[in-house]
Amino acid sequence: MGLFGKKRSNADSNQSRRLKNLIEEETNREDEDLQFLTYLYKIKDGELEPNIRPMSLFLDVVEMVMSNPLDFKSGERVAYIYRAERIYKELFIYDEETPNAEELQRVFVELFDEGGAIALNLFHAGLLHSFYDKSNYIFLVNAIDQYPNLREVFTALCDYGISVREYYIDDSEYLSNLIRVAKELSDAAPMQYDSITSAEITKVQRMNGIYNIDAVDIARAEKQLQETRHIMEHSLDVITQMDQRSKQLQEIMEEVTTSIQDIGRREKDIMQKNAETYQKDLLTEYKNEIKNQKKQIAFEKSEFVKQMFEDAEIELEQLRTTAKTISSSTTLEITKMNQEAEKVLRRVQRMVNDDEEVRRILKQADDNQEFMRKVSQIEMFNERNLAAIEQVVTNQARVTAAEAEAQAVAAAQPTVIVSQPSMGAATQEPTVITVPQDASANIRTADDQVDYTVNPLLDPEIPFKDRFELVMREKKRRMQKGEHFHEMFDDVLIALMEDANPYLIGPSGCGKTYMVRQLTELLNLDFIDIGYINEEYDILGFQTATGGYSTPNFYLCYKYGMVAFCDELDNGNSRATVKLNSFLSNVKNASYNFPNGENVRRHSNFRIIAAGNTSGNGADANYNTREKIEESVQQRFLPIYVNYDNEVEKAILIDYPDWFKFIVLFRAATTAWGESSGMGEASGILTTRDAAHIKQYLDNDSFDTLKIIKYEFIQTKDLDYLLFLENYMKDRIASFPEAMEIFLNFADQVERIREKGGRR
């Protein structure tokens, strides 16, 4: 009864559906194989019974043949099915009862895979049965299918594999040996296959303790043994003779050494006597030469003095002649000047008598007065006066007794006197600029008067180019004295001079606060670090319970024209920080009503600088307590990124180039760690502040190299981090030869920590 008889199990029903589907698929093919289709119909109708069991395995093979049209072409598929039945009989001796039948079925189907063993005609039942794990046969075929002379190589390999299988217990070693021998065969010519396989079989047998030794080999070995004995006996004779000659040579060397020592002592005595004689002669010659030189010097001295007096007389006579000429010319010039003065006086007299002309000149003078004031302010800040200001600001000025009594609570105010250039023939009084010495003190004067004089370097009515050039000249002068400036200094300076509210974004220790101090010194301004803003009263102050007013530092900056430095702006209270908006608009003649009831006019010299470790968008991996700065506040600041500046650190460590190179390499390693771990900026990075500390330790010889590495580069870092840094720097230390010794010390400390399991 065929597959489609009346009584069928569920499994038979499934197989029937599969066969129908295969027949339909073959019918719809463009390259329809009629012979193969007829064969399938006969199987369906029960006219043929396939010799492959179970039916599911037969259908798996049919599907593989149909799915690989390149390997099993139309018109050849029935032949491949019959071949599959023959292979089945070779593999499945007891049909479905064959041991490991399930594994064999899987391998059997894989033989018909695309580009597989059947398509390549690489099936050999004996070699397949030689594997315990039959899937290793498939692996072997896939490993060698690209070799040249594939059929010849496979034939030789099958014979070799069956020959050596008994010497291998493990399938993996057996498979590895077959793949290696197949590679050797593919690289050789077919005529060499027999010699290669024979040599490999012998090698495998010897690995298992099997040696084929005949009488000829024994005789050859005995002959070699006799020759070896003869050579050893001859070698012993030679060694004995060499010992005797060595003793003779040693005796000769001892005699020669004694003779040489005697000759050396005699020659030394002779040379010592000659040296004493030469020394006496040389001393005599030296004394004679000294006497001759003294005589020569005395003669040349007298000649030089004589010549000097003669030259002086000639020069003096020339000066007398020149003086007479100048006197005559001066008299003539004075006469001309008197004549010109009389003409000027007459002209002035005419102008004074002409009232209209005088009024016109006076009006022109009034128009130019404001312009000349600006010119004088710019000239006031030339290089000489800037140096004078810097010197005077450092000294506390004297105050009168009346001022001291009126300012009993306030700190004394130093006075900077800047001399103005002379205007015509008149002498101007010096300009007095009051600068707070202690910016955090109450700096109201007795009558609470504020000097609203605009700092010329911040005066928008003076061309920016002229003001900026003056500051750059002072910066250059300081650089020539050895002062270091960050690469972003000029950008921040421009933002401050233009009142653009710079916000310095950068990691801890990169020099932001130090830059603010440099900026205010160059612009002749004071600044107060008001810290981060936690509450509104940090900006506005508050009324005390007794009716007084707690004056905040921000109020002093706003009123008296100082720089308010809002450090760690991103670490403050965002609700309180919004209050800065009232002071960031930079409107001319702006004012603000503080809680004490005072309407304070914004000083023209007032500026705000902020700094933070983040861009203001909230916490990150390294600064996890930072808050998001309110958007309206961010828009009123000019963000400027200030990172670590290698040039500044290079200048700091100019006397220690090995440490500078190590810092550059170490920072690159921490950056790579941050990128690989997805953290962005890595923790424990070395800062510019740390570079200054390292210079201090080295200058003072306080901490040695090992302690500096321990405290500045290793502490607070876990073992995985340290091992990453060590490996990164090890791969690149060749490009930093100056830092090699420091790196070796670093690596040694890391290895000790690793040996202790991460314990310090």
Side-chain angles (χ1 to χ4, degrees), residues 1-6 8-93 95-96 98 101-125 127-128 134-135 137-142 144-147 150-152 154-155 158:
M1 181 180 291
L3 280 174
F4 303 100
K6 293 182 179 180
R8 295 178 298 178
S9 65
N10 291 333
D12 291 339
S13 177
N14 291 335
Q15 307 309 328
S16 299
R17 284 195 296 272
R18 286 183 63 190
L19 182 58
K20 285 181 180 180
N21 292 336
L22 293 175
I23 291 173
E24 291 177 3
E25 182 179 345
E26 182 65 25
T27 304
N28 295 328
R29 283 176 179 266
E30 293 182 0
D31 57 342
E32 180 181 352
D33 188 339
L34 295 178
Q35 183 183 3
F36 182 59
L37 192 60
T38 302
Y39 174 78
L40 293 180
Y41 272 115
K42 288 181 178 181
I43 296 295
K44 173 178 173 295
D45 296 336
E47 298 179 17
L48 288 177
E49 188 71 23
N51 292 324
I52 298 175
R53 298 180 184 85
M55 179 58 70
S56 60
L57 179 61
F58 170 74
L59 294 177
D60 288 342
V61 173
V62 171
E63 286 179 350
M64 294 296 288
V65 170
M66 292 176 63
S67 62
N68 297 325
L70 295 179
D71 294 340
F72 309 110
K73 299 181 177 63
S74 179
E76 301 176 1
R77 292 174 186 145
V78 175
Y80 277 108
I81 295 297
Y82 288 147
R83 185 180 178 191
E85 291 179 344
R86 291 194 298 272
I87 293 173
Y88 176 83
K89 288 298 182 183
E90 293 180 9
L91 296 181
F92 296 85
I93 301 173
D95 291 330
E96 297 178 61
T98 302
E102 291 183 2
E103 178 189 359
L104 275 175
Q105 289 174 8
R106 177 176 55 78
V107 174
F108 180 64
V109 173
E110 289 185 7
L111 292 174
F112 293 88
D113 199 354
E114 182 179 358
I118 299 302
L120 297 173
N121 199 16
L122 297 181
F123 175 75
H124 191 282
L127 187 61
L128 176 61
K134 309 305 179 185
S135 61
Y137 181 84
I138 303 298
F139 186 87
L140 174 65
V141 171
N142 292 335
I144 68 173
D145 64 353
Q146 300 299 323
Y147 288 167
L150 181 60
R151 283 298 307 150
E152 292 83 352
F154 182 73
T155 301
C158 290

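- Distance check: T38 OG1 to I43 CD1 gives 12.0 Å after rounding to the nearest 0.5 Å.
- Side-chain contact between L91 and T98 is absent, with no heavy atoms from C-beta onward closer than 4.5 Å.
- Counting heavy atoms from C-beta outward, Y39 and R77 have side chains that stay 4.5 Å or more apart.
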CA sep, side-chain torsions, deciding dist, call: E76, F72, side chain to side chain contact (heavy atoms under 4.5 Å, CB included): CA-CA 6 Å; E76 301 176 1; F72 309 110; over 6 Å; no
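- Taking CD of E96 as the start and CD of E102 as the end, the distance is 10.5 Å to the nearest 0.5 Å.
- Remark: F58 engages no residue in a ring-ring contact (aromatic ring centres under 6.0 Å, His included) (not counting sequence neighbours).
- How far CZ of R53 is from CD of E85: 9.5 Å, rounded to the nearest 0.5 Å.
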Checking salt bridge (Lys or Arg N to Asp or Glu O under 4.0 Å) for the pair R106/D60: CA distance, chi angles, key distance, verdict? CA-CA 10 Å; R106 177 176 55 78; D60 288 342; over 6 Å; no
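- Here the options are L104, V62, I52, the test is side-chain contact (heavy atoms from CB on, under 4.5 Å), and the partner is L57; only I52 passes.
- Rounding to the nearest 0.5 angstrom, the gap separating the CZ atom in F123 from the OH atom in Y137 is 6.0 Å.
- The backbone N or O of K73 sits nowhere less than 3.5 Å from a side-chain atom of Y80 that would complete a donor-acceptor pair.
- Between the Y41 side chain and the I23 main chain, no donor and acceptor come within less than 3.5 Å of each other.
- Using a distance-only test at 3.5 Å, with no hydrogens or angles considered, a donor-acceptor pair links the side chain of R29 to the main chain of M66.
- For the atom pair CG of N68 and CG of L70, the computed distance is 8.0 Å after rounding to the nearest 0.5 Å.
- For the pair E26 (side chain) and D33 (backbone), a donor-acceptor distance under 3.5 Å is present.
- Within the 4.5 Å cutoff, the side chain of R18 has no heavy atoms near those of the M55 side chain.
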Can you give each donor-acceptor pair under 3.5 Å made by side-chain atoms of residues 111-121, sequence neighbours left out, with the distance rounded to 0.1 Å?
{"unit_1": "N121", "atom_1": "OD1", "unit_2": "R83", "atom_2": "NH2", "d": "3.0"}

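- Of the possible donor and acceptor atoms, none in the side chain of E110 sits under 3.5 Å from a partner among the backbone N and O of S135.
- To the nearest 0.5 Å, the span separating CZ on F154 from CG on L140 amounts to 7.0 Å.
- In terms of heavy atoms, S56 sits closest to Q15 at CA-OE1, 3.6 Å.
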